[in-house]
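Here's the structure, in structure tokens; my notes come after.
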Amino acid sequence: MATTFVWSGRTRQGEAQKGELVAKTREEVIAQLRKQNILVTSVQPKSGERKSGFPSFGGGVGDKDIVIFTRQFSTMIDAGLPLVQCLEILSNQTENKTLAKTIGLVRADVESGATYADALRKFPKVFDDLYVNMVAAGEAGGILDTILNRLAKHIEKAMKLKKEVKSAMVYPGVIISVAVVVISVLMVWVIPIFASMFTDFGGVLPLPTRIVMFISGFMKSNIVYIVMGAVACGYGIKRFYGSPAGRKLVDKQALRIPILGDLIRKAAVAKFTRTLGTLISSGVPILEGLSIVAKTSGNKTVEEALITARQSISEGKTVSEPLGQSKVFPPMVVQMIAVGETTGALDAMLSKIADFYDDEVDSAVGALTSLLEPMLMVFLGIVIGFIVIAMYLPIFQMGSVVG
């Protein structure tokens, strides 16, 4: 039996449209509207619609949650389901409570006549500028499902890159932390036992033993002040890095660190080219794309280079020229971007650069790990070996005297 449906949607130009259609099913209404190039946001029987409750907030929203949501949403849109229905289904089945609540609020805004992009813009902690602007481009071009699929792939690659860089940082951090704990325990609790024993024996102790005992005594007497100083130092560094001048200085020097600086530079290039290429291929204007990429670069030096490039383009110049002058990006990257601009295939060229530097990051992480592992082992061996030898020297000395 035919039913009257109330629908709302948007044209390819972004104009809001709504009306009523008589059809047997929602799918018939959606099919008719799609033939008219209307992106359907809601289709409901005229008698009313079912309301749904939303779970409470709890926990954060990770990249993996966003990827799953985006892929599912893309599949539903491609299958012809209206936006509101897709959002309703996803808000009910999403396991992350924070994301489920957010989707529910987005659904309410879309149902009230807002665009999907404008509804997402209200939740910057969940959906960043990159996500929102690509969705807006997808809505304007009538290719939202394609854009969402592209977004999911982009986030997955960004997650992989972030994981690789973190793995390079975590390993030495864990080793150094364990070493600090072990050495501190030896100095504060173990060495004093040997020190009291050696003092009872009398005599002049070997120089290495005296050095270790002095450090141990200093640490034991001032352990509270040492811990407080370490906390204060960490807080001070955090505050300094939080200031514009401090972050600029630290990020600039980080790029100059041997091996590690090269890894940071390659990761920044991969992220910049991947993000900008995705934005341009999705229809986002290059000036807006550079502005978004600069904000999400993660390095102040790279951010300033991109802002300068944006200014250059607004004055009618190319992207490659200011990037080359910044000395931040490798010459090969600058040349390939110049070729992309000349041939009119900048987005494709940026994607190729990103693929190349993703592999470069893999190699750099492997090289850094293989270099740090033996260096850390040698360092720990020397430090702990020195402590052990220093403590055994008096014992050997007493043994030779007795003998």
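Position 1 is the first residue of the sequence, and the numbers go up from there.
The existence of a salt bridge linking Glu111 and Arg107 is confirmed by a sub-4.0 Å separation between a basic side-chain nitrogen and an acidic carboxylate oxygen.
Minimum heavy-atom separation, Asn299 to Thr301: OD1-N, 2.9 Å. Of all heavy-atom pairs between Glu139 and Ala117, the closest is OE1-N, 3.0 Å. Contact detail for Leu161 and Ala267: the closest heavy-atom pair is CD2-O, 3.6 Å. Scanning both residues, Gly289 and Leu276, for their nearest heavy atoms gives C-CD1, 3.8 Å. Taking both residues in full, the closest heavy atoms of Ala270 and Thr273 are given as O-OG1, 3.3 Å, listed atom of the first, atom of the second, then distance. For the pair Leu380 and Ala179, the tightest heavy-atom approach, listed with the atom from each and the gap, is CD2-CB, 2.9 Å.
The environment of Tyr241 atom OH is dense: over 12 non-hydrogen atoms of other residues, nucleotides or ligands sit within 6.0 angstrom. Dense packing is recorded around CE of Met377, with more than 12 heavy atoms of other residues, nucleotides or ligands lying under 6.0 Å away. Heavy atoms from other residues, nucleotides or ligands lying under 6.0 Å from CD of Glu315 number more than 12.
Evaluation of the side chain to side chain donor-acceptor pair (under 3.5 Å) rule for Tyr392 yields no partner, not counting sequence neighbours. With sequence neighbours excluded, no residue forms a side chain to side chain donor-acceptor pair (under 3.5 Å) with Arg310. Residues satisfying the ring-ring contact (aromatic ring centres under 6.0 Å, His included) test with Phe194, not counting sequence neighbours, are none. Lys157 pairs by the salt bridge (Lys or Arg N to Asp or Glu O under 4.0 Å) definition with nothing, not counting sequence neighbours. Asp63 meets the side chain to side chain donor-acceptor pair (under 3.5 Å) test with Lys162; sequence neighbours excluded. Applying the side chain to side chain donor-acceptor pair (under 3.5 Å) test to Tyr235 and every residue at least two apart in sequence or in another chain returns Arg239.
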Margin query: For Gln93 and Glu88: C-alpha separation, side-chain torsions, deciding distance, then whether side chain to side chain contact (heavy atoms under 4.5 Å, CB included) applies.
Written below: CA-CA 9 Å; Gln93 73 176 31; Glu88 183 179 359; over 6 Å; no
Next item on the list: For side chain to side chain contact (heavy atoms under 4.5 Å, CB included), just list the numbers for Tyr131 and Leu148, CA-CA rounded to whole Å, side-chain angles, deciding distance to a tenth of an Å, and then say yes or no.
Entry: CA-CA 9 Å; Tyr131 198 103; Leu148 288 171; 4.0 Å; yes
Checklist line | Full working for salt bridge (Lys or Arg N to Asp or Glu O under 4.0 Å) between Glu304 and Lys248 | finding: CA-CA 9 Å; Glu304 289 181 350; Lys248 182 178 179 180; 3.7 Å; yes
Margin query: Between Leu120 and Tyr116, is the side chain to side chain contact (heavy atoms under 4.5 Å, CB included) condition met? List the steps.
Written below: CA-CA 6 Å; Leu120 294 178; Tyr116 180 46; 3.7 Å; yes
Margin query: Is there a salt bridge (Lys or Arg N to Asp or Glu O under 4.0 Å) between Glu156 and Lys153? Walk through the geometry before answering.
Written below: CA-CA 5 Å; Glu156 285 176 336; Lys153 290 180 180 177; over 6 Å; no
Item checked: Residues Phe127, Val135; criterion side chain to side chain contact (heavy atoms under 4.5 Å, CB included); working and verdict -> CA-CA 10 Å; Phe127 303 101; Val135 166; over 6 Å; no
Sequence neighbours left out, cut at 3.5 Å: what donor-acceptor pairs do the side chains of residues 186-193 make with other protein atoms?
none

Distance-only check: which donor-acceptor pairs under 3.5 Å involve side-chain atoms of residues 360-368, not counting sequence neighbours?
{"residue": "Glu360", "atom": "OE1", "partner": "Lys266", "partner atom": "NZ", "Å": "3.1"}
{"residue": "Ser363", "atom": "OG", "partner": "Asp359", "partner atom": "O", "Å": "3.2"}

Only pairs under 3.5 Å count here: list side-chain donor-acceptor contacts from residues 325-334, not counting sequence neighbours, and write none if there are none.
{"residue": "Ser326", "atom": "OG", "partner": "Leu323", "partner atom": "O", "Å": "2.6"}
{"residue": "Ser326", "atom": "OG", "partner": "Val328", "partner atom": "N", "Å": "3.3"}

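The structure places OG1 of Thr146 at 7.5 Å from CG of Asp78, a figure rounded to the nearest 0.5 Å. Distance CD1/Ile77 to SG/Cys86: 4.0 Å, rounded to 0.5 Å. Distance check: Asn133 CG to Asp128 CG gives 9.0 Å after rounding to the nearest 0.5 Å. Atom CD1 of residue Ile337 and atom CG of residue Leu350 lie 5.5 Å apart, to the nearest 0.5 angstrom. Distance CG/Leu151 to OG1/Thr278: 8.0 Å, rounded to 0.5 Å. The structure places OG1 of Thr70 at 10.0 Å from CG of Asn149, a figure rounded to the nearest 0.5 Å.
Side-chain atoms of Asn96 come within 3.5 Å of backbone N or O of Leu99 as a donor-acceptor pair. No donor-acceptor pair under 3.5 Å is formed between the side chain of Ser216 and the backbone N or O of Val212. Using modelled atom types, one side-chain atom of Ser91 and one backbone atom of Leu87 make a donor-acceptor pair closer than 3.5 Å. At least one donor-acceptor pair closer than 3.5 Å links the side chain of Asp65 to the backbone N or O of Gly62.
Note: Phe73 and Phe69 have parallel aromatic rings, judged against thresholds of 30 and 60 degrees for the angle between ring planes.
Side-chain contact between Leu90 and Met76 is present, with at least one heavy-atom pair separated by less than 4.5 Å. The shortest side-chain heavy-atom distance between Leu279 and Ile292 falls under the 4.5 Å cut-off. Under the 4.5 Å side-chain criterion, counting only non-hydrogen atoms from C-beta, Thr318 is not in contact with Ser312. Between Val67 and Lys64 there is no side-chain heavy-atom pair separated by less than 4.5 Å. Side-chain contact between Gln311 and Ile307 is absent, with no heavy atoms from C-beta onward closer than 4.5 Å. Counting heavy atoms from C-beta on, the side chains of Phe218 and Ile226 come closer than 4.5 Å. Contact check for Ile353 versus Phe272: no side-chain heavy atoms found under the 4.5 Å cut-off. With contacts defined as side-chain heavy-atom distances shorter than 4.5 Å, the pair Thr275/Leu130 qualifies.
Ser282 and Arg150 share a donor-acceptor pair across their side chains, judged by distance under 3.5 Å alone. With hydrogens and angles left out, the side-chain atoms of Ser320 and Gln335 include no donor and acceptor closer than 3.5 Å.
Within the structure, ring-ring contact (aromatic ring centres under 6.0 Å, His included) contacts touching residues 341-371 (residues at least two apart or in different chains) do not occur. Among residue pairs with one or both ends in residues 342-355, those qualifying as side chain to side chain donor-acceptor pair (under 3.5 Å) are Arg274-Asp355; sequence neighbours excluded. For residues 296-321, no residue pair satisfies the ring-ring contact (aromatic ring centres under 6.0 Å, His included) rule, not counting sequence neighbours.
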